[in-house]
Visitor: 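Have a look at the structure that comes next, please.
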Amino acid sequence: MEVDYLFQIGDNIVYPMHGAGIIKGIEEKEISGEKQLYYVIKMLIGNMQVMIPTGKVLSSCIRPVTDIMALKHIIHIFEHGESESLLPWKQRFKVNTDKIKTGSLQDCAEVVRDLTRMKNEKALNTSEKKMLDNAHGFLISELELIKGITDNQIKSFY
């Protein structure tokens with residue numbers, strides 16, 4: 001019996017709030033007396049391994065790594081896009097958190113862009129500094145897995 005999986009071993013994926021990773025295996029595990037198939041994902045950030053039930057991969061918003069054509073649009077937004085209007089920091093923090101949770105490369109790039117611009121104008125508070133560091137890490141982890149990207153394109157996000 002052959003099973004059709006959404007992702008295959010070796011696929012590059014993005015897991016929202018964790019960054020990019022590589023599917024290293026598909027394993028059956030028994031947890032609490034229930035057997036399930038799990039994707040075994042090697043995350044690039046933190047050198048950790050994550051296991052996601054294959055049946056819950058869609059609800060977890062895991063997606064394939066962006067391709068080089070979509071990246072060109074993201075680079076344009078990153079360099080030339082308009083930043084959000086200045087919201088009070090609590091609202092801005094919530095908006096940025098929601099963007100990161102989507103797992104979208106564009107949303108993550110917008111958070112990095114906007115917080116970097118703010119940082120260049122004034123000091124960020126501790127929460128926003130941490131958010132910028134995390135979002136930047138998620139962004140770079142995906143960029144490193146995009147086929148055809150150059151080191152110079154990655155460096156444009158530093």
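Only a predicted model underlies this, so the values are computations on that prediction, with no experimental measurement involved. Quick note: numbers below take in every heavy atom, side chains included, and nothing from hydrogens, waters or symmetry partners.
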Visitor: May I ask you to test the Lys56-Ser59 pair for a side-chain heavy-atom distance under 4.5 Å?
Guide: yes

Visitor: Do Asn125 and Phe93 come close enough that some side-chain heavy atom pair is under 4.5 Å?
Guide: no

Visitor: Does Leu105 reach the side chain of Leu139, with side-chain heavy atoms less than 4.5 Å apart?
Guide: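 Side chain of Leu105 against side chain of Leu139, heavy atoms only: contact under 4.5 Å found.
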
Visitor: Does the side chain of Glu142 come under 3.5 Å of the side chain of Thr66 through a donor N or O and an acceptor N or O?
Guide: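 Glu142 vs Thr66: donor-acceptor pair found between side chains.
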
Visitor: What distance do Leu44 atom CG and Phe138 atom CZ have between them, rounded to the nearest 0.5 Å?
Guide: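 Leu44 CG to Phe138 CZ: 12.0 Å, rounded to 0.5 Å.
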
Visitor: Taking only residues at least two apart or on different chains, which pairs with a member in residues 25-38 satisfy salt bridge (charged side-chain N to carboxylate O under 4.0 Å, His left out)?
Guide: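 Of all non-adjacent pairs touching residues 25-38, those that pass salt bridge (charged side-chain N to carboxylate O under 4.0 Å, His left out) are Glu27-Lys29.
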
Visitor: Are Ile22 and Met51 linked, directly or through intermediate hydrophobic residues, by side-chain heavy-atom contacts shorter than 4.5 Å (ILVMFWY only)?
Guide: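 Each belongs to a different hydrophobic cluster.
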
Visitor: In plain terms, say whether Lys94 and Asp98 are close enough for a salt bridge, that is, a side-chain N and a carboxylate O under 4.0 Å apart.
Guide: yes

Visitor: Hydrophobic clustering (ILVMFWY, side-chain heavy atoms < 4.5 Å, transitive) - are Val50 and Val57 grouped together?
Guide: yes

Visitor: Using side-chain heavy atoms (C-beta onward) and a distance below 4.5 Å, is Ile26 in contact with Val40?
Guide: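 Not in contact.
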
Visitor: Do the side chains of Glu128 and Arg92 get close enough for a salt bridge, i.e. N-O under 4.0 angstrom?
Guide: yes

Visitor: How are the rings of Tyr15 and His18 set relative to one another: parallel (under 30°), tilted (30 to 60°) or perpendicular (over 60°)?
Guide: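 Rings of Tyr15 and His18: parallel, as their planes differ by under 30°.
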
